[in-house]
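Accompanying notes for the structure given below.
Model, not experiment: these values are computed from the prediction. Remember, it's 1-based here, ligands and their atoms both numbered in the order they're listed. Quick note: residue numbers are just sequence positions, from 1.
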Amino acid sequence: VSAGRGVGKKENVENVRKLAEALGGELGASRPVVDSEWVEHSHQVGTTGQTVAPKLYVACGISGAIQHLAGMKKSDFILAVNTDKDAPIAEVADVLVVADVNQFVPALAEKISSK
Ligand SMILES: Cc1cc2nc3c(=O)[nH]c(=O)nc-3n(C[C@H](O)[C@H](O)[C@H](O)COP(=O)(O)OP(=O)(O)OC[C@H]3O[C@@H](n4cnc5c(N)ncnc54)[C@H](O)[C@@H]3O)c2cc1C
């Protein structure tokens, strides 16, 4: 469950971390999030980070640049949350939720945690 620049600020990464925990997954991040020191580099997904292929990859506010896709496009199922329905991530996503990541992600995490 990865945070992109679209989360807006460091504090909002916690929403993404909580969703990762609710799903029993790991926190990932795009390079700008790592460069901003919101998340450690060991969690970066992409050509200059980790390559992952989980059953479910959740891209939270990530545009889908080629360098990011290289690290996660082999995931079984890709759920993307983005305010831009035309973001490049839509080309690889199985489901694109067009929503504000800072509203949708906490709501989803809460729903899953309450099950
Ligand atoms: C040599 C090289 C190596 C690189 N290696 C990597 C790498 O390993 N990993 C990596 O990730 N990148 C890498 N990059 C950088 C890459 O090119 C992109 O710049 C980067 O992936 C963009 O990160 P992002 O999607 O988080 O940010 P952006 O491209 O800025 O996208 C942010 C997205 O968030 C959306 N958004 C904005 N606000 C909200 C909101 N409130 N709710 C929902 N969505 C919102 C926007 O519509 C946008 O699609 C590399 C680049 C180079 C040149």
Side-chain angles (χ1 to χ4, degrees):
V1 182
S2 292
R5 185 158 29 203
V7 301
K9 56 180 179 179
K10 184 175 185 178
E11 291 70 35
N12 292 339
V13 172
E14 285 315 301
N15 294 328
V16 179
R17 196 189 301 275
K18 280 181 190 155
L19 179 59
E21 280 168 13
L23 288 166
E26 294 289 336
L27 176 70
S30 67
R31 181 159 146 174
V33 167
V34 170
D35 287 349
S36 301
E37 301 185 344
W38 298 351
V39 172
E40 312 88 82
H41 180 261
S42 58
H43 294 256
Q44 182 176 315
V45 174
T47 47
T48 46
Q50 307 290 325
T51 300
V52 298
K55 286 186 187 159
L56 171 65
Y57 187 84
V58 188
C60 306
I62 293 177
S63 61
I66 188 97
Q67 295 90 353
H68 188 82
L69 299 185
M72 46 61 77
K73 67 184 176 195
K74 292 199 173 141
S75 305
D76 287 348
F77 193 94
I78 299 170
L79 169 67
V81 185
N82 202 300
T83 43
D84 178 7
K85 69 174 176 48
D86 298 319
I89 193 84
E91 284 166 32
V92 298
D94 294 283
V95 171
L96 171 68
V97 178
V98 180
D100 184 334
V101 70
N102 298 315
Q103 292 180 347
F104 181 80
V105 166
L108 180 61
E110 198 180 315
K111 201 86 180 164
I112 293 168
S113 301
S114 67
K115 293 273 175 200

Checklist line | Nearest protein heavy atom with distance in Å, relative to atom 46 (C) of ligand 1 | finding: N82 OD1, 3.6 Å
Margin query: Just to be sure I read this right, does ligand 1 sit under 4.0 Å from the backbone of A99, its side chain, both, or neither, counting only heavy atoms?
Written below: backbone
Margin query: Give me the residue, atom name and distance of the protein heavy atom closest to atom 37 (C) of ligand 1.
Written below: G6 CA, 3.6 Å
Notebook entry, point to check: In terms of residue, atom name and distance, what is the protein heavy atom nearest to atom 26 (O) of ligand 1?
Noted result: S30 OG, 2.6 Å
Check: Has ligand 1 got any nitrogen or oxygen that is less than 3.5 angstrom from a nitrogen or oxygen of V45?
Finding: yes
Margin query: Students should be able to answer this: which protein heavy-atom is nearest to atom 3 (C) of ligand 1, and at what distance?
Written below: R31 NH1, 3.0 Å
Check: Taking the minimum heavy-atom distance to atom 41 (N) of ligand 1, which of L69, N102, D100, D86 ranks first?
Finding: D100
Check: Which value, rounded to the nearest 0.5 Å, describes the distance between E91 atom CD and K73 atom NZ?
Finding: 11.5 Å
Note to self: Under 4.0 Å from a heavy atom of G49: which atoms of ligand 1 are those, numbered in the order shown and with their elements?
What the structure shows: 8 (O)
Note to self: Using a 4.0 Å cut-off to any heavy atom of A65, which atoms of ligand 1 qualify?
What the structure shows: 16 (C), 17 (O), 18 (C), 21 (O)
Margin query: Contact between ligand 1 and P32 is defined here as a heavy atom of the residue under 4.0 Å from a ligand atom; is it met?
Written below: yes
Margin query: Which of the numbered atoms in ligand 1 are under 4.0 angstrom from any heavy atom belonging to D84?
Written below: 47 (O)
Next item on the list: May I ask you to decide if V105's main-chain N or O and N15's side chain share a donor-acceptor pair within less than 3.5 Å?
Entry: no
Item checked: Protein heavy atom under 4.0 Å of atom 19 (O) of ligand 1 -> no
Notebook entry, point to check: If hydrogens are left out, which of N12, T48, T83, I66 has an atom nearest to atom 5 (N) of ligand 1, that is, the closest non-hydrogen atom?
Noted result: T48
Margin query: Can you list everything that forms a salt bridge (Lys or Arg N to Asp or Glu O under 4.0 Å) with E14? Sequence neighbours excluded, please.
Written below: R17
Next item on the list: Run the numbers for me: atoms of ligand 1, each under 4.0 Å from some heavy atom of G4, listed by number.
Entry: 26 (O)
Check: Who's the nearest protein heavy-atom neighbour of atom 31 (O) of ligand 1, and how far?
Finding: S63 CB, 3.3 Å
Notebook entry, point to check: Which heavy atom in T83 sits nearest to a heavy atom in V98, and how many Å separate them?
Noted result: O-CG1, 3.6 Å
Check: Checking N102 side chain against V7 main chain: does a donor-acceptor pair fall under 3.5 Å?
Finding: yes
Margin query: Tell me if the CD atom of E37 is crowded by more than 12 foreign heavy atoms within 6.0 Å.
Written below: no
Next item on the list: Kindly give the heavy-atom pair with the smallest separation between V45 and H68, and that separation in Å.
Entry: O-ND1, 3.2 Å
Next item on the list: Applying salt bridge (Lys or Arg N to Asp or Glu O under 4.0 Å), name anything that partners D100, two or more places apart in sequence or on another chain.
Entry: none
Margin query: If you take the nearest heavy atom of each of Q44, H41, R5, which one is closest to atom 7 (C) of ligand 1?
Written below: Q44
Note to self: Can you report which non-hydrogen protein atom sits closest to atom 32 (C) of ligand 1, along with the distance?
What the structure shows: G61 O, 3.5 Å
Next item on the list: Measure from the side-chain N and O atoms of H41 to the backbone N and O of G49, and report whether any donor-acceptor pair falls under 3.5 Å.
Entry: no
Check: Got a donor-acceptor contact below 3.5 angstrom from the H43 side chain to the L27 backbone?
Finding: yes
Check: Which pair of heavy atoms, one from I89 and one from A59, lies closest together, and at what distance?
Finding: CD1-CB, 4.1 Å
Check: With a 4.0 Å cut-off on heavy atoms, is V33 touching ligand 1?
Finding: no
